[in-house]
There are 2 protein chains.
Amino acid sequence: MALSARHVEIFIAIMRAGSLTEAARQLHISQPAVTKSLQHAEQRLGYPLFQRLGGRLQPTPEAKALFKAAQDVEHSLQRLNQLGLRMAALEHGMLEIMAPPALAQELLPIQISQFQQNYPQLQIQLNVQQNADIANHIAQGEAELGIVHFPTDAPELAMESLGNSSIVALIRQEHPLASSDVLTRDQLINAPVIWCSGNTWWAQLMARELPGLKREKCQNQVNYFAVACRMATQGLGIALVDRYSIPYLLPSDCKVLPVVPEIHVSLGIIYRRYQALSQPAKLFIKALRKTMFSD
Amino acid sequence: MALSARHVEIFIAIMRAGSLTEAARQLHISQPAVTKSLQHAEQRLGYPLFQRLGGRLQPTPEAKALFKAAQDVEHSLQRLNQLGLRMAALEHGMLEIMAPPALAQELLPIQISQFQQNYPQLQIQLNVQQNADIANHIAQGEAELGIVHFPTDAPELAMESLGNSSIVALIRQEHPLASSDVLTRDQLINAPVIWCSGNTWWAQLMARELPGLKREKCQNQVNYFAVACRMATQGLGIALVDRYSIPYLLPSDCKVLPVVPEIHVSLGIIYRRYQALSQPAKLFIKALRKTMFSD
DNA sequence: GGATCTTACGTCATCCGTAAGAATA
DNA sequence: TATTCTTACGGATGACGTAAGATCC
């Protein structure tokens, strides 16, 4: 018959306290309960752990030998439970996020800093990949969460909407089109739009929503939203980007104008469907949805 | 709230088996019991350990992280209980015996070999010290058991009798005194006895039991019984030694004669009174008493 | 229908506390 | 007498099993 963890716990307390009475005090149980547990343990082992001598206890050599092993048990259980608690409080764990450059540069640092204020010990890994590659990487387990535009629908992946974003225009104030408070789609078609990237969602979106806008007519072409915005602030044209990709700090001589009718962009979060989400991931999604749906 | 060892045990079984049903089978408990334990564990932790997905379980990242720590708990408990069992079977442990040369050379090898047949894995340390020093060494914890003649009565030490031995005479057959079957005390007083040692129990015993025998009259003097016996077999005199100190193998031209009236020698075992005996020590004492009282 | 997990309910073991007893200093 | 361990008894928690229900393939 084997000893239980409770036997071990009580045995250790007796060894440390040196008496049943004191051990009981430290364990917050009655002294007869300690007697019983010890007797039970000794009966299971088949030999005494303590010599009863004049109302006092003297550990046998066997008890001394078992004590070290018992402490190992105690420590391993403590480590397990400490880890369990730390993970509950998100003091231990890793939040792996993969996002395209634009979101990794503007949206996520803000979201992450907010999230990390609540869980200051949580490790966070933010991995930048091209939007089109993220689904594959997530499917291969390289990160737990992917934040994407136009989420793909691979069967391996689950997708949750983070609400609809929209395209806004970043433009210098001196530009003639900057005089109004909004920009119409028609105005944009012949405006000096900075063309973003080749075969990403942006080009598809433009083809659908602004079919009159042709790549050939755009003087400046880049493949990063951040660069497009930077070019716009230098007066090199109008950047048409997701509103979450607008730089946090803009020069005062720049404006951000909404487009009418609005051009919607789906923002979504993807993860492996058959892989349970970690606690940090769940909470981060929750936090993301809350802030993004509320504004 | 912390997880119990039982929670850990069941959690590990689920992780290994991959399903509650199979885990229950391996644990020899019902499947609902496994469900309950898992639910309880998850409730205590505050987060799920498995994702229920189409009737199957998928471990969460938290479960995977806890699994390693859980295995540590399992292993440490296994080690503890294995050690406990091994000590019960005397497969682990050390029997430390201290004895004077004569007993260490003749009596104890026989006793130990007999004892070790029952407990072939038990480690045994046989330490030789002069009889007069053994009590001190035992009191200082240098060995657990001391086998001595004329046991001392230090308050720190407990003493148990191993029965009475007696002095016998080792003598060559051609010696005139060897013609009878016994030797009387009177015969010995003027015989060529080999004087053993200076201030040990032997000299005290002789002074009491054979007061006529004087050291000055003895031609040959040694301080080891074994040497005395060897000298006797070479015809250098009569060795008067404890019967347990007679060599196991004797030349055929030698005889061992009892002394009449018998000269008793107390043989005893000593150990620290306030230090509980180890299981091997207890059993060795028991075995010693049994064989020594039975012959 | 066969597999799995979950819920419900009753039983039993065991762990614990209170109270009294025994031994020791 | 004060302290400690042991024994005895009774209660409550909890772990388990059986049976039935829900869900998925």
Side-chain angles (χ1 to χ4, degrees), chain A residues 1-45 47-60 63 73 77 81 155-156 158 273-276, chain B residues 1-45 47-60 63 73 77 81 155-156 158 273-276:
Chain A
M1 293 268 270
L3 300 190
S4 74
R6 185 61 171 159
H7 287 135
V8 174
E9 192 178 357
I10 293 179
F11 166 63
I12 288 176
I14 299 172
M15 286 292 281
R16 293 200 178 127
S19 83
L20 300 188
T21 307
E22 180 56 27
R25 226 187 317 272
Q26 292 177 14
L27 290 168
H28 303 293
I29 61 176
S30 73
Q31 181 271 319
V34 178
T35 296
K36 296 287 284 296
S37 171
L38 177 58
Q39 287 175 338
H40 195 203
E42 288 178 326
Q43 181 207 324
R44 289 198 167 192
L45 288 171
Y47 46 84
L49 290 169
F50 295 89
Q51 186 185 31
R52 278 72 169 173
L53 190 68
R56 294 302 172 101
L57 298 183
Q58 196 69 21
T60 62
V73 174
L77 246 177
N81 277 306
E156 293 277 318
R273 181 182 298 279
Y274 302 113
Q275 167 63 50
Chain B
M1 294 269 270
L3 299 190
S4 74
R6 185 60 172 160
H7 288 136
V8 173
E9 193 178 356
I10 293 179
F11 166 63
I12 288 175
I14 299 172
M15 285 292 282
R16 295 204 177 121
S19 84
L20 300 188
T21 307
E22 179 56 26
R25 224 185 321 268
Q26 292 177 13
L27 290 167
H28 305 293
I29 62 176
S30 73
Q31 180 271 321
V34 178
T35 296
K36 292 289 282 297
S37 171
L38 177 57
Q39 286 175 336
H40 195 202
E42 289 177 328
Q43 180 208 324
R44 289 198 166 193
L45 288 170
Y47 46 85
L49 290 169
F50 294 89
Q51 186 184 33
R52 279 71 169 172
L53 190 68
R56 294 302 175 100
L57 297 184
Q58 196 69 21
T60 63
V73 174
L77 245 178
N81 278 306
E156 294 275 319
R273 182 183 298 278
Y274 303 112
Q275 168 63 52

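Residue numbers start from 1 in every chain, and the chains themselves are labelled A, B, ... in the order their sequence lines are given, proteins ahead of strands. Treat the numbers as computed from the prediction; the structure is a model and nothing was measured.
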request  = Nearest whole angstrom, please: distance from the C1' of dT6(C) to the CD of Q51(B).
outcome  = 17 Å
key: Nearest-0.5 Å distance, CD of residue E42(B) to CG of residue L3(B)   = 10.5 Å
inquiry  = Just verifying a value: how many Å separate I14(A) CD1 and E9(A) CD, rounded to the nearest 0.5 Å?
reply    = 11.5 Å
query = Just to confirm, is there a sub-4.0 Å distance from OP1 or OP2 of dT3(D) to any side-chain nitrogen or oxygen of T21(A)?
reply = no
Let me check something: any side-chain donor-acceptor pairs from residues 23-37 of chain B under 3.5 Å, sequence neighbours excluded? List them with distances.
from, atom 1, to, atom 2, distance (Å)
R25(B), NE, E22(B), OE1, 3.0
R25(B), NH2, E22(B), OE1, 3.1
Q26(B), NE2, E22(B), OE2, 3.0
S30(B), OG, A33(B), N, 3.4
Q31(B), NE2, T35(B), OG1, 2.9

request  = Quickly work out the R44(B) CZ to dG14(D) C1' distance and round it to whole Å.
outcome  = 10 Å
key: Residue-level proximity of residues 13-20 of chain A to DNA chain D when a heavy atom falls under 4.0 Å   = S19(A), L20(A)
inquiry  = Expressed as a whole number of angstroms, how long is the span from L53(A):CG to dT3(D):C1'?
reply    = 15 Å
remark   = Atom OH of Y274(B) and atom P of dT24(C) are separated, to the nearest Å, by 13 Å
Nucleic acid contacts of residues 23-31 of chain A, taken as heavy-atom distances under 4.0 Å to DNA chain D = Q31(A)
inquiry  = Side-chain N or O of Q39(A) versus OP1/OP2 of dC5(D): is the shortest distance under 4.0 Å?
reply    = no
key: Interatomic distance where CD1 belongs to I10(B) and P belongs to dA15(D) [whole Å]   = 9 Å
Can you check nucleotides 8-13 of chain D for protein contacts, nitrogen or oxygen pairs under 3.5 Å, and list what you find?
none

request  = Go through the structure and list residues passing side chain to side chain contact (heavy atoms under 4.5 Å, CB included) with A63(A), not counting sequence neighbours.
outcome  = F11(A), M15(A), L49(A), P59(A), T60(A)
Interatomic distance where CD belongs to Q43(B) and P belongs to dT7(C) [whole Å] = 12 Å
query = Across the strands shown, which category fits T35(B) at heavy-atom distances under 4.0 angstrom: base, sugar-phosphate, nothing?
reply = base
task = Decide yes or no for Q51(A) and L57(A): does some side-chain heavy atom of the first lie under 4.5 Å from some side-chain heavy atom of the second?
result = no
task = Could you grab the distance from atom CZ of R273(B) to atom CD of Q58(A), nearest 0.5 Å is fine?
result = 13.0 Å
message = I want to check one thing: is the phosphate of dC24(D), taken as OP1 and OP2, less than 4.0 Å away from some side-chain N or O of R56(B)?
response = no
query = For the pair made of CZ in R52(B) and C1' in dT4(C), what is the distance, rounded to whole Å?
reply = 12 Å
query = Take atom CD in E156(B); do more than 12 heavy atoms of anything else shown fall under 6.0 Å from it?
reply = no
message = For the CD1 atom of I12(A) and the NE2 atom of H7(A), what is their distance to the nearest 0.5 Å?
response = 13.0 Å
task = Rounded to the nearest angstrom, tell me the gap between atom CG in L57(A) and atom P in dT4(D).
result = 11 Å
ask   = So does R6(A) get a side-chain nitrogen or oxygen closer than 4.0 Å to the phosphate oxygens (OP1/OP2) of dC16(C)?
value = yes
Residues in salt bridge (charged side-chain N to carboxylate O under 4.0 Å, His left out) contact with R44(A), at least two apart in sequence or another chain = none
ask   = Given side chains that start at C-beta, do those of L38(A) and I10(A) come closer than 4.5 Å, heavy atoms only?
value = no
